[in-house]
Number of protein chains: 2
Amino acid sequence: MVTLAEVAQHAGVSASTVSYVLSGKRSISASTRKRVEHSIQQLGYHPNAGARALASSRSNIIALMVPLRTDMYVPVMMEIAIAVATTARTHGYDVLLLTGEEGPAAVRRIAGSSLADAMILMDVELHDERLPLLRESGRTAVLIGLPADTTGLTCVDLDFEATGALCVEHLAELGHREIAVIGEAPAVYERHTGFAERTVDGIRAKARRSGARILHRPCEGGYAAMGTTLSRIFDERPGTTGFIVQNEAAVEPLLNLLRQQGRAVPEDVSVVAICPEQVATGASVRLTSVAIPAQEMGRRSVEQVVAKLAGRDTEEVELLAPELTVRESTGPAPAAGPTDGRGRPTGSATYGGTGRHPMG
Amino acid sequence: MVTLAEVAQHAGVSASTVSYVLSGKRSISASTRKRVEHSIQQLGYHPNAGARALASSRSNIIALMVPLRTDMYVPVMMEIAIAVATTARTHGYDVLLLTGEEGPAAVRRIAGSSLADAMILMDVELHDERLPLLRESGRTAVLIGLPADTTGLTCVDLDFEATGALCVEHLAELGHREIAVIGEAPAVYERHTGFAERTVDGIRAKARRSGARILHRPCEGGYAAMGTTLSRIFDERPGTTGFIVQNEAAVEPLLNLLRQQGRAVPEDVSVVAICPEQVATGASVRLTSVAIPAQEMGRRSVEQVVAKLAGRDTEEVELLAPELTVRESTGPAPAAGPTDGRGRPTGSATYGGTGRHPMG
DNA sequence: AAGCGCTGTCGAAGCGCTTCACCGATTCTC
DNA sequence: GAGAATCGGTGAAGCGCTTCGACAGCGCTT
């Protein structure tokens with residue numbers, strides 16, 4: 001491995017000069033800079049990360065803690081992780097991938113060893129165990145998500161309350177009055193992962209103002225759970241015409257089951273999803289949805305980290321404004337006409353006949 | 001931050017003794033060990049990563065290069081990444097997340113800076129640009145995937161040839177003679193990502209021996225592409241009764257479109273998927289599938305890395321044996337009876353009537 | 001009793017870099 | 001034209017750790 005000293009010798013300057021050329025922390029004459037840069041090129045020099053970290057107490061590494069639960073909202077997590085990694089690189093940082101496995105201990109370890117200059121935490125719970133440790137460690141940190149107490153912490157998240165409100169608003173404008181909310185798996189609520197609850201809060205608040213009735217049901221993904229949930233919903237509220245889904249794994253099952261029951265989307269029921277764009281556009285009906293801006297969240301969290309490390313101060317909480325894209329899963333609420341007694345419109349809507357699909 | 005020296009002083013020993021307690025590289029009397037460990041606890045000492053890396057030329061970091069294309073086989077990638085991270089931790093390593101963005105330059109950078117002790121590369125192409133750099137860097141590396149030339153490299157991968165063969169074998173045993181293969185997106189083949197081609201090789205070889213006819217069609221995911229592909233397939237080979245799908249994004253569209261066309265799965269057509277378990281069990285028909293053992297691949301690759309770093313030598317290429325799980329998407333080929341002239345069996349199979357779904 | 005090999009501990013060197021203090025040579029300022 | 005400020009460069013002191021060689025003390029053997 002080539003060292004700084006060798007570069008210095010090759011260029012006929014002192015080691016410190018080379019260092020200053022590299023860091024730009026002092027002005028260097030054009031001629032020596034050229035010579036040094038040339039030597040660097042020629043020798044194929046790369047600064048040693050460990051030495052640099054030791055001397056400067058900066059590792060240029062950002063630690064990213066992803067949740068352990070590899071089965072939940074995976075694509076979102078992945079997208080965020082990739083966005084974090086690529087954004088970090090543009091600022092000269094590398095990303096260390098920590099899984100939730102180690103739990104709060106990871107915070108202590110990373111902070112204690114100075115392995116990373118900062119941490120980004122995903123999947124933050126309302127009363128997250130990691131937060132006290134984080135605060136006392138004094139390491140700079142940014143959360144993706146919104147805990148109950150944000151003092152001293154910077155947070156980036158989608159504004160889920162506004163998201164919920166936006167969904168209701170859209171459905172209400174289309175005349176829907178009975179709205180069912182298919183939520184995340186019960187476990188998500190039990191863990192008090194803020195976003196799910198905030199969404200429902202936003203939904204309820206807006207519904208009150210719009211005069212819509214809300215029925216909220218957490219739901220595991222998959223067909224079995226969705227089937228049960230769906231029939232309970234229609235038993236309890238036969239007049240349901242609007243759905244808001246916040247659970248990727250429930251989207252396709254919901255659509256297929258509605259179809260199977262002879263309910264056409266969007267003629268009989270409208271569906272709004274809160275999910276990544278890819279899920280919305282790839283579903284069997286192109287879904288009207290509020291996108292989860294995973295990339296943006298990853299990018300912004302890194303930018304916050306970089307700003308904090310640079311000593312600039314930053315907003316405490318940055319909520320990204322939701323955007324609703326209208327696609328083919330929502331339409332006017334059906335006129336309350338004759339039903340077959342189970343709350344389903346008579347006749348007409350049979351599978352394959354409505355041709356909502358791009359394939360026709 | 002507490003330093004080694006402080007711990008030494010607190011315990012009344014020299015710094016080197018503390019170091020040896022930590023590393024276990026020299027024998028230490030039980031009594032001093034106790035004292036030192038106690039001091040470490042009490043002071044809350046964590047070794048400084050940079051200093052350690054500098055002094056020992058070991059960073060205890062493994063770099064993981066994930067592909068840039070965040071839209072392809074995402075869940076698999078994520079699962080591998082998580083498995084790599086957690087397995088690495090059990091061996092005392094952390095994981096650095098590199099995206100494909102930087103390309104081959106990342107290899108040079110990481111190797112040059114000694115940031116990582118080893119690298120794990122995912123999404124390896126047949127003639128991957130990174131490999132020459134990797135070889136000349138002399139850094140230990142493990143590939144997840146199988147390039148054309150494996151000399152000097154350790155590779156871990158699912159045995160995709162055997163996987164392909166296994167799928168054909170299963171279908172052939174059920175009496176299917178006309179088999180269509182829905183492959184990955186054309187781009188995957190153009191990039192010569194070995195696994196896709198190896199699968200097809202395995203399929204063809206086995207088909208020759210089983211007397212089955214193969215029609216292979218790469219296919220983008222989604223309904224539009226799948227629709228086109230599907231109608232071309234039935235135009236060309238109306239007698240097709242078996243499908244092998246190797247494209248997560250095509251699975252659900254395929255099932256929905258078949259259903260829409262009145263072809264019941266598995267009564268009229270059988271479908272075997274090559275995909276993660278989760279996709280197979282979460283689809284609208286529980287799919288007979290060969291699982292992509294993402295976790296296992298991640299785990300094994302780390303274990304190979306650790307073995308190499310420890311100086312043990314390892315196999316060059318480790319191919320994991322595929323396992324086929326029979327679920328509800330395959331059944332006996334339909335008896336070649338009267339058809340409606342488009343290769344589709346007359347009557348009977350209409351949507352909703354077959355009740356293949358758990359929800360009934 | 002001298003010599004041997006162990007074991008447990010220590011001191012010191014140094015890993016490769018950053019950064020501070022210092023210094024000569026210019027250039028500015030009044 | 002004297003003093004101050006600036007520029008471009010150097011030397012040396014660490015950053016906190018690992019590791020090598022030295023060595024004291026011990027129990028063996030001969």
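When reading the values below, keep in mind they use all heavy atoms of this one structure, side chains included, and skip hydrogens, waters and symmetry mates. Proteins get letters first, then strands, A, B, ... in listed order; numbering begins at 1 in each.
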Kindly say if A:Thr32 contacts the phosphate of D:dG9, meaning a side-chain N or O under 4.0 Å from OP1 or OP2. yes

Determine, for A:Arg130 against A:Asp123, whether the closest basic-nitrogen to carboxylate-oxygen distance falls under 4.0 angstrom. no

Hey, is CD on B:Glu129 packed in by over 12 heavy atoms from elsewhere, all under 6.0 Å? no

Is the shortest distance from a Lys or Arg side-chain nitrogen in B:Lys308 or B:Asp313 to a carboxylate oxygen in the other one below 4.0 Å? no

Within this structure, what is the CG-to-C1' distance between A:Leu54 and C:dT19, rounded to whole angstrom? 13 Å

Using the side chain to side chain donor-acceptor pair (under 3.5 Å) rule, take A:Thr17 and A:Ser14 through it: C-alpha gap first, then chi angles, then the decisive distance, then the call. CA-CA 5 Å; A:Thr17 302; A:Ser14 73; 3.1 Å; yes

Who does D:dT30 pair with, Watson-Crick or G-U, both distances under 3.5 Å? C:dA1

Compare side-chain N and O positions of A:Ser27 against OP1 and OP2 of D:dC7 and report whether any pair is under 4.0 Å apart. no

Whole angstroms only, please: what is the NZ-P distance between B:Lys34 and C:dG8? 14 Å

Within the 4.0 Å heavy-atom criterion, would you say A:Thr3 contacts the bases, only the backbone, or no part of the nucleic acid? sugar-phosphate

Counting just side-chain N and O atoms, does B:Lys25 come under 4.0 Å of either OP1 or OP2 of D:dT18? no

Could you state the interatomic distance from CG (A:Asp117) to OG (A:Ser59), rounded to the nearest 0.5 Å? 3.5 Å

5' priority, DNA chain D, between A:Gly12 and B:Ala5 [closest heavy atom]: A:Gly12

Phosphate OP1/OP2 of D:dT18: any B:Ser19 side-chain N/O under 4.0 Å: yes

Does A:Arg52 place a side-chain N or O at less than 4.0 Å from the phosphate oxygens OP1/OP2 of C:dT18? yes

So what does A:Leu4 hit on the nucleic acid, given a heavy-atom distance under 4.0 Å: a base, only sugar-phosphate, or nothing? base

Using a 4.0 Å heavy-atom cut-off across all strands, classify A:Ser56 as base, sugar-phosphate, or nothing. sugar-phosphate

If only side-chain N and O atoms of A:Tyr45 are considered, is one of them under 4.0 Å from the OP1 or OP2 phosphate oxygen of C:dC17? yes

Rounding to a whole Å, what distance do you find between A:Tyr20:OH and D:dC7:C1'? 14 Å

Which whole-number value in Å describes the distance from A:Leu22 CG to C:dT18 P? 7 Å

Okay, side chain of B:Ser39, backbone of B:Arg35: is any donor-acceptor separation there less than 3.5 Å? yes

B:Ala30 or B:Ala55: which one's nearest nucleotide on DNA chain C is closer to the 5' end? B:Ala30

Are OP1 or OP2 of D:dG11 and a side-chain N or O of A:Ser16 less than 4.0 angstrom apart? no

What integer distance in Å separates B:Ile40:CD1 from D:dC17:P? 10 Å

So which nucleotide from C:dG14, D:dG8, C:dT19 ends up closest to the side chain of A:Ser29? D:dG8

Map B:Thr17 and A:Arg33 onto DNA chain D by nearest heavy atom, then report which one ends up closer to the 5' terminus. A:Arg33

Rounded to the nearest Å, what distance is computed from the CZ atom of residue A:Arg35 to the P atom of nucleotide D:dG8? 14 Å

